[in-house]
Number of protein chains: 2
Amino acid sequence: MTISEENYIKVIYHLSLVSPKGVNTNAIAGMLDTKASSVTDMLKKLSEKELVSYQKYQGVTLTDKGFYSAKMIVRKHRLWEVFLVDKLNFSWDEVHEIAEELEHIKSENLINKLDAFLDFPSFDPHGDPIPNADGEIKKINKLLLSETELNKEYQCVGVKDSSSEFLQYLDKQKIALGSKITVKEKESFDDTLLVQIDSRQLTISNKIANNLYVK
Amino acid sequence: MTISEENYIKVIYHLSLVSPKGVNTNAIAGMLDTKASSVTDMLKKLSEKELVSYQKYQGVTLTDKGFYSAKMIVRKHRLWEVFLVDKLNFSWDEVHEIAEELEHIKSENLINKLDAFLDFPSFDPHGDPIPNADGEIKKINKLLLSETELNKEYQCVGVKDSSSEFLQYLDKQKIALGSKITVKEKESFDDTLLVQIDSRQLTISNKIANNLYVK
DNA sequence: TATTATTTTTAGTTTTGCCTAAATTTTTAG
DNA sequence: CTAAAAATTTAGGCAAAACTAAAAATAATA
């Protein structure tokens with residue numbers, strides 16, 4: 001697979017988690033910052049290679065082969081993110097772009113040795129699960145902070161939005177994966193939350209609460 | 001720079017260490033397993049970008065800018081090789097191809113953090129020097145085993161040929177970087193050497209002796 | 001249902017990096 | 001010094017992956 005093909009497969013994978021019935025040409029174009037006509041060209045090629053099943057005008061889904069390939073790319077991306085944060089001391093808002101390049105390095109042996117070196121992590125620095133060498137993904141029962149019950153203690157386990165703006169906001173508020181969070185009050189007018197984080201009190205907007213996963 | 005451009009710059013760098021007056025089109029084509037006409041095309045482009053100075057039929061040399069770029073690519077290649085051997089437990093004959101891919105990852109920050117993580121190594125697993133962040137290269141006075149004096153102790157510090165066949169031969173004979181080597185006898189007929197390595201005696205062909213650096 | 005509006009595909013180009021074949025320049029040898 | 005050999009460049013093309021503009025299919029709405 002070329003780098004371009006891998007990028008398409010990865011995007012189709014992420015989009016199909018949201019729309020499993022078939023991914024739109026335009027949605028793919030949007031994610032890859034390219035034009036719909038270019039997407040159509042590539043879908044034909046990926047279909048030839050039996051990585052996707054594609055019927056004109058009907059959207060696209062991954063074949064088993066495409067699905068496995070996608071998970072291997074995601075595996076590489078997330079393992080490299082762990083490496084960058086845990087070993088090279090990058091912060092969690094700096095690693096995405098570098099991992100976008102590293103995920104295309106070919107050697108399977110490399111990625112399995114990296115996995116071992118990192119002690120077989122199950123989650124990346126943003127709390128997203130890392131597929132193992134067989135493509136299996138550990139699921140956890142996480143929910144958004146906005147969906148939690150009042151006065152019950154949760155633990156922060158991931159972010160939905162992993163833009164550097166959001167991650168830097170969390171850093172500023174000293175909210176990290178592992179932080180204990182309890183919602184004390186909910187303002188019904190704008191859904192602002194009053195929360196206790198570790199030992200601090202904090203007011204959190206609905207937008208933030210909709211992008212933070214807890215369990 | 002594209003990956004292809006980087007590969008040309010790197011090859012021109014290596015060849016210009018041997019022929020500093022100008023590198024031949026055919027020599028570049030040979031190293032990159034491509035055709036002379038393709039090389040000509042690329043030399044024009046690199047010349048446009050002021051990475052090389054190139055005059056038709058007269059060979060090519062790197063500009064200062066091209067020379068610095070080349071050293072940064074070599075730096076990345078060799079640092080990744082150290083990482084693969086020291087941290088991921090690859091053997092020295094397996095790392096070249098993977099490093100050929102890793103050397104094209106763009107982030108400068110990444111490579112400097114990797115350098116720090118590895119404790120600023122000066123040499124790669126094959127004994128080749130690693131340029132520092134400024135492009136400076138530590139020189140050592142090494143010579144080929146075939147050029148040594150009889151009954152004088154040397155230390156193995158590098159290989160000239162780093163093909164996996166040669167490296168695996170050295171592994172089999174338990175010759176590693178750091179091994180102490182003394183030439184006891186030299187057979188004048190075929191230049192075969194009788195050497196003492198650490199505490200063993202070994203007969204070594206001229207071909208081997210011409211590819212092993214000692215100091 | 002008819003007719004817009006939107007989405008998607010087709011057709012035709014562009015750029016990058018490669019190719020072959022032919023022409024040109026440089027080098028080597030008689 | 002000239003002719004043959006070797007090296008290099010030019011010319012013309014191809015495939016991948018993108019693009020624009022136009023056509024076709026599907027979806028939305030009056």
Side-chain angles (χ1 to χ4, degrees), chain A residues 1-16 18-62 66 69-70 73 100-101 103-104 106, chain B residues 1-16 18-62 66 69-70 73 100-101 103-104 106:
Chain A
M1 267 202 275
T2 65
I3 290 177
S4 188
E5 286 169 352
E6 290 193 342
N7 284 331
Y8 275 91
I9 290 295
K10 186 183 55 166
V11 160
I12 294 166
Y13 171 79
H14 287 304
L15 290 171
S16 65
V18 182
S19 27
K21 300 169 184 177
V23 175
N24 295 332
T25 300
N26 264 347
I28 299 169
M31 294 278 281
L32 285 170
D33 203 23
T34 184
K35 296 296 156 75
S37 55
S38 308
V39 175
T40 303
D41 286 349
M42 183 57 91
L43 292 183
K44 285 178 187 166
K45 199 186 355 162
L46 295 176
S47 183
E48 281 292 311
K49 295 195 173 187
E50 303 195 299
L51 290 161
V52 302
S53 49
Y54 165 63
Q55 311 222 88
K56 276 203 218 177
Y57 297 103
Q58 303 307 302
V60 69
T61 54
L62 293 171
S69 303
I73 300 165
E100 288 283 297
E101 289 189 61
E103 74 189 4
H104 300 295
K106 295 282 176 252
Chain B
M1 267 204 274
T2 64
I3 289 176
S4 189
E5 286 169 353
E6 289 192 344
N7 284 331
Y8 274 89
I9 289 295
K10 186 183 53 167
V11 160
I12 295 166
Y13 171 80
H14 288 304
L15 289 170
S16 66
V18 182
S19 26
K21 300 170 183 177
V23 175
N24 295 333
T25 301
N26 265 348
I28 299 169
M31 295 279 281
L32 286 169
D33 202 24
T34 184
K35 296 297 156 77
S37 55
S38 307
V39 174
T40 303
D41 286 349
M42 183 58 91
L43 292 183
K44 286 179 187 166
K45 195 175 14 152
L46 295 175
S47 184
E48 281 292 311
K49 295 194 174 188
E50 303 195 298
L51 291 161
V52 302
S53 50
Y54 165 63
Q55 311 221 90
K56 276 203 223 179
Y57 297 102
Q58 303 308 302
V60 68
T61 55
L62 293 170
S69 303
I73 299 165
E100 288 282 297
E101 290 189 61
E103 74 190 3
H104 300 295
K106 295 283 178 252

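Just so we're on the same page: letters track the sequence lines, and every chain starts at 1. Fair warning: this is a prediction, and the values are worked out from it, not measured in the lab.
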Closer than 4.0 Å, any side-chain N/O of B/Asn26 to the OP1 or OP2 of D/dA6?
no

Rounding to an integer number of Å, can you tell me how far B/Asp41 CG sits from C/dT20 P?
13 Å

Tell me which nucleotide, if any, is Watson-Crick or G-U wobble paired with C/dT13 when both distances must be under 3.5 Å.
D/dA18

Rounded distance (Å) that lies between atom C1' of C/dC19 and atom CG of B/Asp33
13 Å

Is the phosphate of D/dT26 approached by A/Gln58 (side-chain N or O, under 4.0 Å from OP1 or OP2)?
yes

Minimum-distance pair of heavy atoms, taken over all atoms of A/Thr61 and A/Pro20:
CG2-O, 3.9 Å

In terms of the nearest nucleotide of DNA chain D, which residue is placed more toward the 5' end: A/Ile3 or A/Lys35?
A/Ile3

To the nearest angstrom, how far is B/Ile28 atom CD1 from C/dC18 atom P?
12 Å

Please determine if a side-chain N or O atom of A/Thr34 lies less than 4.0 Å away from the OP1 or OP2 oxygen of D/dC19.
yes

Could you check which nucleotide pairs with D/dA30 in any of the strands shown, counting Watson-Crick or G-U wobble with both distances under 3.5 Å?
C/dT1

Tell me: NZ of A/Lys56 to C1' of D/dA25, nearest whole Å?
10 Å

Can you find a side chain N or O atom of A/Asn24 that sits less than 4.0 Å from OP1 or OP2 on C/dT8?
yes

Distance-minimising heavy-atom pair for B/Ile9 and B/Gly66
CG2-O, 3.7 Å

Using whole Å, report how far CG of B/Leu43 lies from C1' of D/dT9.
11 Å

May I have the step-by-step check of salt bridge (charged side-chain N to carboxylate O under 4.0 Å, His left out) for B/Lys106 and B/Glu6, ending in yes or no?
CA-CA 11 Å; B/Lys106 295 283 178 252; B/Glu6 289 192 344; 3.2 Å; yes

Would you indicate, yes or no, if C/dT9 has its OP1 or OP2 atom less than 4.0 angstrom from a side-chain nitrogen or oxygen of A/Ser37?
no

Mind listing the closest non-hydrogen atom pair of A/Gly59 and A/Tyr54 along with its distance?
O-CD1, 4.0 Å

When the distance from OH of A/Tyr57 to C1' of C/dT6 is rounded to whole Å, what number comes out?
12 Å

Is A/Tyr54 near enough to C/dT9 that one of its side-chain N or O atoms lies under 4.0 angstrom from OP1 or OP2?
yes

From CE of A/Met42 across to P of C/dT8 the rounded distance in Å is 17 Å

Considering just the side-chain nitrogens and oxygens of A/Ser38, establish if one lies under 4.0 Å of OP1 or OP2 belonging to D/dA18.
no

Please work out if A/Thr40 contacts a base, only the sugar-phosphate, or nothing of the nucleic acid, heavy-atom cut-off 4.0 Å.
base

What distance do B/Ser4 atom OG and B/His104 atom NE2 have between them, rounded to the nearest 0.5 Å?
9.0 Å

Is there a side-chain polar atom (N or O) of B/Ser4 under 4.0 Å from OP1 or OP2 of C/dT16?
no

Measure the distance from OH on B/Tyr8 to C1' on C/dC18 and round it to the nearest whole Å.
8 Å

